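Quick notes on the structure that follows.
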There are 2 protein chains.
Amino acid sequence: MNNNSDNKNNTFSISELAKEFDVTTRAIRFYEDKGLLTPARRGQTRIYSPADRTKLKLILRGKRLGLTLDESRDIINMYNPGGSNEDQLSTLLAKIRERKNYLQQQLHDIEVMMLDLQESEDRVIDALNDLKTQ
Amino acid sequence: MNNNSDNKNNTFSISELAKEFDVTTRAIRFYEDKGLLTPARRGQTRIYSPADRTKLKLILRGKRLGLTLDESRDIINMYNPGGSNEDQLSTLLAKIRERKNYLQQQLHDIEVMMLDLQESEDRVIDALNDLKTQ
DNA sequence: GTCAAAGTTTACGTTAACGTAAAGGTAAGC
DNA sequence: GCTTACCTTTACGTTAACGTAAACTTTGAC
């Protein structure tokens with residue numbers, strides 16, 4: 001056996017995750033600083049579980065949707081109720097629904113922008129054809 | 001007639017637009033600094049046409065989708081071919097398609113996140129029901 | 001043992017997108 | 001003429017999300 005960090009238990013090194021998701025290790029450590037990830041350690045070295053990997057995935061998805069890291073952390077926390085107090089649950093429910101509404105708005109924005117771009121594309125294609133059949 | 005800036009020709013003052021879209025006048029001027037808007041002037045005062053208003057709308061839509069102002073400017077410029085050179089048109093076409101791909105990715109991200117949030121919402125609702133029927 | 005690759009911490013630098021004064025011009029209403 | 005409301009420019013401040021560099025340790029391969 002020659003290279004890979006972990007062969008049996010499925011865990012990941014920081015550079016493995018960095019490669020897989022095409023981010024820098026600096027970024028991953030930064031997410032940890034901000035409290036979004038809390039990998040285990042073997043000595044000094046960080047060891048990432050599949051759960052950590054999933055969280056990173058969620059973070060990056062959030063980024064693509066224009067969320068801040070704080071917002072992504074909130075969303076990640078939404079996935080496991082945790083505090084079972086009724087007030088907390090209600091607050092959480094409200095947040096979830098607010099998020100869904102925002103996503104709904106984004107969906108609409110994308111639809112409209114897609115249509116606009118499609119029109120632009122059509123016009124550009126027409127213009128190109130005009131040049132060629134000239 | 002008592003207040004509004006313009007009664008006949010439909011133009012807008014900076015604060016009118018600021019109110020309508022719920023942004024600050026500072027932000028609107030900033031977009032101008034960055035070359036995204038170029039309103040007419042009456043003396044020093046900025047006067048916005050419906051076209052300017054539309055551009056502002058595009059900018060804000062872009063923001064909601066996580067675009068930078070530079071990217072939004074690019075997109076706005078995509079809407080009118082302008083330079084009719086063939087190379088330019090091809091480049092433009094490529095950009096448009098790249099944008100569409102990105103939006104496609106975002107659509108997928110939203111779908112997935114929506115589903116995840118729906119599951120979370122269901123779980124939270126169940127938890128709340130459990131508390132009440134306890 | 002040593003060399004390169006990958007890991008670590010600490011810390012200063014950078015960019016985007018405005019916020020927030022400061023200091024002043026202009027026009028309407030009283 | 002004075003206030004009030006809205007406009008202007010100039011300019012320094014701020015936050016988020018890392019980049020980049022320095023200085024050091026650990027580890028597998030030869």
Side-chain angles (χ1 to χ4, degrees), chain A residues 1-8 11-49 52-53 55-76, chain B residues 1-7 11-49 52 55-76:
Chain A
M1 245 139 263
N2 59 348
N3 64 350
N4 231 323
S5 65
D6 178 87
N7 51 339
K8 194 73 287 169
T11 65
F12 315 89
S13 76
I14 193 168
S15 58
E16 282 172 352
L17 289 185
K19 254 174 216 166
E20 177 176 0
F21 294 111
D22 194 34
V23 293
T24 64
T25 58
R26 174 69 177 90
I28 296 180
R29 292 197 192 94
F30 182 75
Y31 301 149
E32 183 174 345
D33 270 17
K34 292 293 158 178
L36 294 173
L37 294 174
T38 44
R41 300 270 182 151
R42 184 177 50 196
Q44 291 259 83
T45 307
R46 281 164 249 256
I47 301 187
Y48 296 87
S49 69
D52 291 326
R53 181 173 166 281
K55 284 186 185 178
L56 179 54
K57 215 183 209 170
L58 291 177
I59 295 170
L60 300 177
R61 178 185 299 154
K63 291 209 64 179
R64 287 196 300 270
L65 295 180
L67 302 191
T68 66
L69 292 183
D70 282 358
E71 290 171 324
S72 284
R73 189 189 30 203
D74 284 355
I75 289 197
I76 289 176
Chain B
M1 246 140 262
N2 58 349
N3 63 352
N4 231 323
S5 64
D6 176 86
N7 51 340
T11 64
F12 313 90
S13 76
I14 193 169
S15 59
E16 282 172 352
L17 288 185
K19 253 174 218 168
E20 178 176 359
F21 294 111
D22 194 33
V23 293
T24 64
T25 59
R26 173 70 178 93
I28 296 180
R29 293 196 192 95
F30 182 76
Y31 300 150
E32 182 174 347
D33 270 18
K34 292 292 158 179
L36 295 173
L37 294 174
T38 44
R41 299 272 181 150
R42 185 177 49 197
Q44 292 260 82
T45 306
R46 279 164 251 253
I47 301 188
Y48 296 86
S49 70
D52 292 325
K55 284 185 185 179
L56 180 54
K57 214 182 210 169
L58 291 177
I59 295 169
L60 299 178
R61 178 185 299 153
K63 292 208 64 182
R64 286 196 301 270
L65 295 180
L67 303 190
T68 68
L69 292 183
D70 283 358
E71 291 172 323
S72 284
R73 189 190 31 206
D74 285 354
I75 288 197
I76 288 176

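The model shown is predicted, which means the values in this text are computed figures rather than measured ones. All heavy atoms count here, side chains included; hydrogens, waters and symmetry mates do not. In what follows, every chain begins at residue 1, and chains take the letters A, B, ... in the order their sequences are listed.
- Using a 4.0 Å heavy-atom criterion, one finds that A/K34 contacts no nucleic acid atom at all.
- Nucleotide D/dT27 holds its P atom 11 Å from the CD1 atom of A/I47, rounded to whole Å.
- Salt bridge status for A/E16 with A/R46: absent, with no side-chain N to carboxylate O gap under 4.0 Å.
- B/R42 has its CZ atom 15 Å from the P atom of D/dC6, to the nearest Å.
- The interatomic distance linking B/L67 (CG) with C/dC18 (P) rounds to 13 Å, in whole Å.
- In this structure, B/T25 reaches neither bases nor backbone, as no heavy-atom distance under 4.0 Å exists between it and the strands shown.
- Once rounded to the nearest 0.5 Å, the distance linking CD of A/E71 with CD1 of A/I76 reads 12.5 Å.
- Listed candidates were C/dT8, D/dT8, D/dA17. Nearest to the side chain of A/L69 is D/dA17.
- The shortest distance between the side-chain N/O atoms of B/K63 and the OP1/OP2 oxygens of C/dC18 is below 4.0 Å.
- Applying the 3.5 Å distance criterion, the base of C/dT8 shares no donor-acceptor pair with the side chain of A/R29.
- No side-chain donor-acceptor contact under 3.5 Å links B/R42 to the backbone of B/T45.
- Rounding to whole angstrom units, CZ of residue A/F12 and P of C/dG7 are separated by 14 Å.
- Here A/S13 does not reach the OP1 or OP2 of C/dA6: none of its side-chain N or O atoms lies under 4.0 Å away.
- In this structure the side chain of A/Y48 reaches within 4.5 angstrom of the side chain of A/I28, judged on heavy atoms.
- The side chain of A/S15 contributes an N or O atom lying less than 4.0 Å from OP1 or OP2 of C/dG7.
- Electrostatic pairing of B/K55 and B/D52 does not count as a salt bridge here, judged by no charged N lying under 4.0 Å from a carboxylate O.
- Contact between the side-chain N/O atoms of B/R26 and the OP1/OP2 oxygens of C/dT20 is not found at any separation under 4.0 Å.
- Each of A/Q44 and A/I28 has a nearest nucleotide on DNA chain D; the 5'-most of these lies closest to A/I28.
- In this structure, the CZ atom of B/F30 is 17 Å from the P atom of D/dT15, given to the nearest Å.
- Counting heavy atoms of neighbouring residues, nucleotides and ligands inside a 6.0 Å radius, atom CG of B/D22 does not exceed 12 of them.
- Rounding to the nearest 0.5 Å gives a distance of 8.0 Å between OG of A/S13 and NZ of A/K19.
- Remark: DNA chain C forms stems of 3 or more consecutive Watson-Crick or G-U wobble pairs, all pair distances under 3.5 Å, at C:1-30 with D:1-30.
- B/E16 places its CD atom 17 Å from the P atom of D/dA5, with the value rounded to the nearest Å.
- Going from atom CD1 of B/I59 over to atom C1' of C/dC18 covers 13 Å, rounded to whole Å.
- Per the geometry, CG belonging to A/L17 stands 15 Å off P belonging to C/dA6, to the nearest Å.
- Side-chain proximity of B/T45 to C/dT9, D/dT8, C/dC18: nearest is D/dT8.
- Between C/dA17 and B/Y31, no contact under 4.0 Å exists linking OP1 or OP2 to a side-chain N or O.
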